[in-house]
Amino acid sequence: MIRIAQLSCGSEYSGVQTELQKAVDSVGAELIYPEVSLEDVQDVEKRFGIEVASGDLNLAMARATRIVENPDIADAVFVATCFRCAEGAIVRSEIRKYIHENSSIPVLSYSFTERTTAETLLTRMEALVTTAKYKGLLSRERQTGLTAGIDSGSTTTKSVVMRDNEIIGTGWGPTTEVLKSAEDAYNAALKEAGVKKEEIEGLGTTGYGRHLVGKHFGAKLILEEITVNSKGAVFLADAQKGSATVIDIGGMDNKAISVQDGIPGTFTMGGICAGASGRFLELSARRLGVNITELGQLAMKGDQTKVPMNSYCIVFGTQSLVNSLSAGSKPEDVAMAACHSVAEQVFEQQLQEIEVKEPVIMVGGTSLIEGLPKAMEQLLGIKVIVPHHAQYIGCVGASLLVSGLLED
Amino acid sequence: MVKVMVYPPTSMILADLVERMGHEALVVSKEVRKKVNTIGLDSPPLNMTPEDPKKGLKYAAVDVPSGVRGRMALFGPMIEEANAAIVIKGNSCTLGCTGCARTNELTRFLLRTKRIPILELDYPTDDAEAKRFVHKIRQFLEGLK
């Protein structure tokens, strides 16, 4: 059983400890609390580097040092503090960095409110467990045989068919009825590849609808999108060795993953507010009277500095958009401002939670909106790579990983 | 008999001193016991639920972290009930185990502004200070009616 060390402050008083336990139980793991002595807590500054006023945070840091000194006691680490606590946020971030730099144990960092539920944490916990449990499978670099992947996302459903490390068929469509959308995308990929369903040696599914779709098609591998997407991203960007950062701005949530040798190390999954998601870009395109596929090109001609827009709330963001158009702003400037607004939210809310190391790979459908990777490049000050088939990373990752199970 | 809230609200030594002098000590262990013994609740380890941080809104605004509000759902009613208080000041985070410095600050503030008899003392660091510490507490408790 995978042992997840919980290093936290406030979860029991926020009434969410039961939800954490439920999420961990549902992924077949167990929560552990590394034992430390009172002296360990009192001497935490000498061992960890900082000491804060809150006892529970000092305890969390003392536990982190115990894990680093005895890495066998935990398979993964979950660091959690209250949302809006400055002291907690500093300690959470430093614990994450400390464990990342001093061990190879995967870390998940999270700030909770009393509204945090097991469902919210499930994908994150699943990814943490997958990373700890399937290191061998995740280190796989080549796809072999004839396999397929389906990514049942919140907005779109994608599918690929791969043969001997090459993509030979793709299918795509908006997600409406989950199974029907998956069927359509899968059939389109099979048709383009010129193969029959029965010939597929292994199918992997990912995305929000992964369990339903996987069960329906008899998938050999059903995995959450964090590990699968990072695998697909480094495979397509040819960055499987060394460090990399994967940014996936989705329709409903965003993922930022720090990857080492193709395996996720630390990651965050956000999506509290729609102003930081692909939904806002969809809405902006509609308001500007262009197709979402044209928004990127329009944005590339624009200058975001001419339009004030920076909001994580889709309503306020739309208000800025409408106001600027009413004030006579050019559509291309508004389009670039919308891209910058989304990029800034991801930069401010998520990229501070992981180690941003080059190459930075942007994936998912939104990465094809050219203004968005450009805006991210400007914010980070480093080049952002958008690999070919960037919108298919989930199904490519699933197809690649499932081929590893066939050989086993 | 006077209801005396002790701070840190987890201190069993202070609670014992208060009870020995014939008063009622308001300590968090009693509040937790009520929670743990509530039939129908199953939210270990403290049986606190997401409803508790909402009850804490009476003492702290919604933008205050949920952990502070959850703790205040326990400490707030004790502060309201208190007719006197003993507050021990000490820099060590291991003094008491409320865990959260912001909750500690708010608890001390609410006790001070309640306008009840309050004894504030520094945590003793040697035997002589400890004797004076106990003596002052005893004097304070004897003076309460």
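We name chains A, B, ... by the order of the sequence lines, and we start the count at 1 in each one.
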- Given that the side chain runs from C-beta out, which part of B:V32 has a heavy atom under 4.5 Å from chain A: side chain, backbone, both or neither? neither
- Does the A:D75 side chain pair with the main chain of A:R3, one donor and one acceptor, at a distance under 3.5 Å? yes
- Distance-only donor-acceptor check, side chains A:R96 and A:T266, under 3.5 Å: no
- Query: Crowded around A:Y33 OH? As in, over 12 foreign heavy atoms under 6.0 Å?
  - Reply: yes
- Task: Could you point out which residue of A:Q17, A:Q21, A:R63 forms a side-chain hydrogen bond (donor to acceptor under 3.5 Å, both in side chains) with A:Q6?
- Result: A:Q17
- Output the option from A:C82, A:S14, A:G10 having the highest count of non-hydrogen pairs under 4.5 Å with chain B. A:S14
- Let me know if A:E87 has heavy atoms under 4.5 Å from chain B in its side chain, its backbone, both or neither. side chain
